[in-house]
Amino acid sequence: MIATSLLTLASFFLAASGQLSPTFSRTLSRDGRCIYSFTVASPHEEASCSEPGEALAAVRELQRDRAAQQRQLESLSDRLRLLEAKSQGESLSLSLSPAPGQQGDVRRLQMEKLDLLRRLESMKQENMQLRARQCPSAETLQDSHQGRQSFSSLSSRQKTQPDQGAYNWSFENAGYQELKSEITEIPASRLIQRSNAGSPATTLHSSGCGMLEWVGEPVTFQKADNIAGKYGVWMKDPEPVPPYTRESIWRINTVGTDIRQLYEYHDLDQFMRGHPNKVYVLPEPVESTGSVIYRGSLYYQKRRSRTLLRYDMKTETILVRKDLPNAGYRGVYPYSWGGYTDIDFAVDELGLWVTYSTNQAQGAIVISKLNPNTLETQQTWTTSIRKRSVANSFMICGTLYTLNSYSNHNAIINFAYNTNTNSSKVLNIPFENRYRYNSMTDYNPAEKKILVWDNFNMVMYDIRLSKV
Ligand SMILES: *[C@@H]1O[C@H](CO)[C@@H](O)[C@H](O)[C@H]1NC(C)=O
Ligand SMILES: *[C@@H]1O[C@H](CO)[C@@H](O)[C@H](O)[C@H]1NC(C)=O
């Protein structure tokens, strides 16, 4: 299936952007597995164009969605025809109008069909936008001395151990993380030492602290209108400094090769209307969706580096640059969905944190408490949760929580690591990924809510903490 969709995709890609001239090949490995590979020359880093890898991954997903919806639509149409025929037949033979219940069924099916048709149409449009953004010209590419991007995949029929990698791929500057992520989402439960799973005797004194016990349904506030916003981060400042307030909202769309735009909104109303009150152009490009806003600064990871930056919004300058020692970056230890989510800031009742992993930790999540003024590491914890096996994480009251899936509608918060007691705990708190592509999950301690960027959509969740 995966191989087939790659094939389809390769031909789509050829058709959609002939000027990129990808090469495609199929070989048989010694153990009899079929290996499909294709290679696409990388474009110049133009801000106006998506990286082919990113656009490609998004196109692929849209196509999958569309195929599924098409099937759904066909089956709905069939049911609709049957029902219509049935109610007509009955009304003819009995000279009566169809049973009210049946009429209701027909109406409901017709509504569903209309809704599906609308969704199909909007997906077609997204697809067209994606094609339009594949814009590097043939001339610039042919003479380009830039690296080539490639990946290959083994036929899924012979799919082996997922975490040994059914895919074989390499890339120099591509955004193929997303594809790879499909196979690295593995259970992390065996990583948790039973001896560790003691009950956390939390005695935090921060206001309103406790353990997470419930997450509400997502409420959607905004939807990005182009591919640059498929992934992103939206933020509030739990401890704002004037002129900012707790109502202020910031947003970064993170699909692209040179992400520098930080949008600022006065309040939720302005945010929902989509009119930024200011756009900052950051002096250094942003990597992925890990940034936070705290006490008037944007904290973010500089692209292609383990450098943490503190950007002061009032003076529009970078106040602090600091490397995060040994931290993996650029796809070494991302969350399961990929997207170079190696380094993730978090803010909670206790302050500023960063989660990442290192070779020493062998891919397990490492948490460091940071001094927000200097970005110095104050203390570091190494958990037993493998970073690649979870979809995202956030901190509440000094405890790290992880999400098991970025794409399952019914995901769960599956682990907690308490930095107070250095102990892990297995959890099973339902969490809905309504739009099935969660690329950012952060907690806002001022409002006690979780903010998420889910497949173009900016959503928020209520939570409940246990009393301590
Ligand atoms: C995987 O890729 C590497 C480097 O590109 C190559 O040396 C190796 O032979 C490939 N393995 C398979 C099974 O294709
Ligand atoms: C927890 O781990 C930290 C960092 O390794 C250490 O400084 C602290 O003493 C530990 N606390 C407990 C209660 O074991």
Side-chain angles (χ1 to χ4, degrees), residues 188-213 238-239 290 292 294-295 299 301 306-308 310 320 322-329 332-335 341-390 392-404 413-429 441-443 445 463 465-468:
S189 49
R190 65 184 114 112
L191 284 165
I192 295 284
Q193 245 96 82
R194 236 165 262 285
S195 56
N196 265 355
S199 61
T202 325
T203 49
L204 294 173
H205 297 297
S206 315
S207 60
C209 262
M211 292 292 291
L212 182 66
E213 47 178 37
E239 293 182 33
V292 295
Y294 186 54
R295 298 182 181 168
Y299 293 86
Q301 177 196 354
R306 59 168 65 94
T307 307
L308 309 183
R310 176 185 167 204
V320 184
K322 190 133 203 106
D323 275 8
L324 187 58
N326 307 315
Y329 64 94
V332 178
Y333 298 117
Y335 291 128
T341 49
D342 300 64
I343 296 178
D344 190 12
F345 283 96
V347 174
D348 72 357
E349 291 77 357
L350 309 185
L352 181 67
W353 307 80
V354 64
T355 56
Y356 56 101
S357 188
T358 63
N359 288 341
Q360 294 90 315
Q362 299 181 310
I365 294 182
V366 176
I367 309 168
S368 289
K369 183 89 198 305
L370 299 176
N371 176 325
N373 296 322
T374 62
L375 288 174
E376 304 271 0
T377 296
Q378 295 172 327
Q379 204 173 341
T380 293
W381 293 259
T382 301
T383 71
S384 51
I385 304 163
R386 197 200 299 200
K387 188 154 184 291
R388 279 175 168 278
S389 74
V390 298
N392 222 308
S393 77
F394 52 92
M395 299 288 300
I396 302 179
C397 300
T399 292
L400 177 93
Y401 294 89
T402 63
L403 185 64
N404 75 332
I413 308 284
N414 58 349
F415 297 112
Y417 181 90
N418 188 328
T419 59
N420 230 29
T421 57
N422 300 350
S423 63
S424 306
K425 192 175 174 191
V426 176
L427 298 178
N428 189 6
I429 302 173
T441 310
D442 276 338
Y443 171 63
I463 60 151
L465 302 179
S466 64
K467 305 261 186 299
V468 282

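Indexing begins at 1, ligand by ligand and atom by atom, following the structure's order.
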### Query
With a cut-off of under 6.0 Å to the ring centre and 45° to the axis, is Lys425 in cation-pi contact with Phe415?
no

#### Entry: Heavy-atom closest pair, residues Lys322 and Thr374
CD-O, 3.6 Å

### atom 7 (O) of ligand 2: any protein heavy atom closer than 4.0 Å
yes

### Message
Does either side chain, that of Asn418 or that of Ser423, offer a donor lying less than 3.5 Å from an acceptor on the other one?
### Response
no

### Task
Measure the distance from atom 10 (C) of ligand 2 to every protein heavy atom, then report the residue, atom name and distance (to 0.1 Å) of the closest one.
Asn422 ND2, 2.4 Å

### Message
Please check whether Thr421 reaches ligand 2 - meaning an N/O of the residue sits under 3.5 Å from an N/O of the ligand, judged on distance alone.
### Response
no

### Message
Among residues at least two apart in sequence or on other chains, which ones pass ring pair (Phe, Tyr, Trp, His ring centres under 6.0 Å) with Tyr401?
### Response
Phe394

### Task
Considering the heavy atoms of Trp381, write down every atom of ligand 2 situated less than 4.0 Å from one of them.
1 (C), 2 (O), 3 (C)

### Query
Does Gln379, backbone or side chain, put an N or O under 3.5 Å from an N or O of ligand 2?
yes

### Message
One residue to check: Thr380. Relative to ligand 2, which of side chain, backbone, both or neither has a non-hydrogen atom less than 4.0 Å away?
### Response
backbone

### Query
So which protein heavy atom does atom 13 (C) of ligand 2 come closest to, and at what separation?
Asn420 O, 4.0 Å

### Message
Counting neighbours of CD on Gln378 that are heavy atoms of other residues, nucleotides or ligands and sit closer than 6.0 Å, is the number greater than 12?
### Response
yes

### Query
Have Tyr356 and Ser368 got a donor and an acceptor in their side chains that come within less than 3.5 Å?
yes

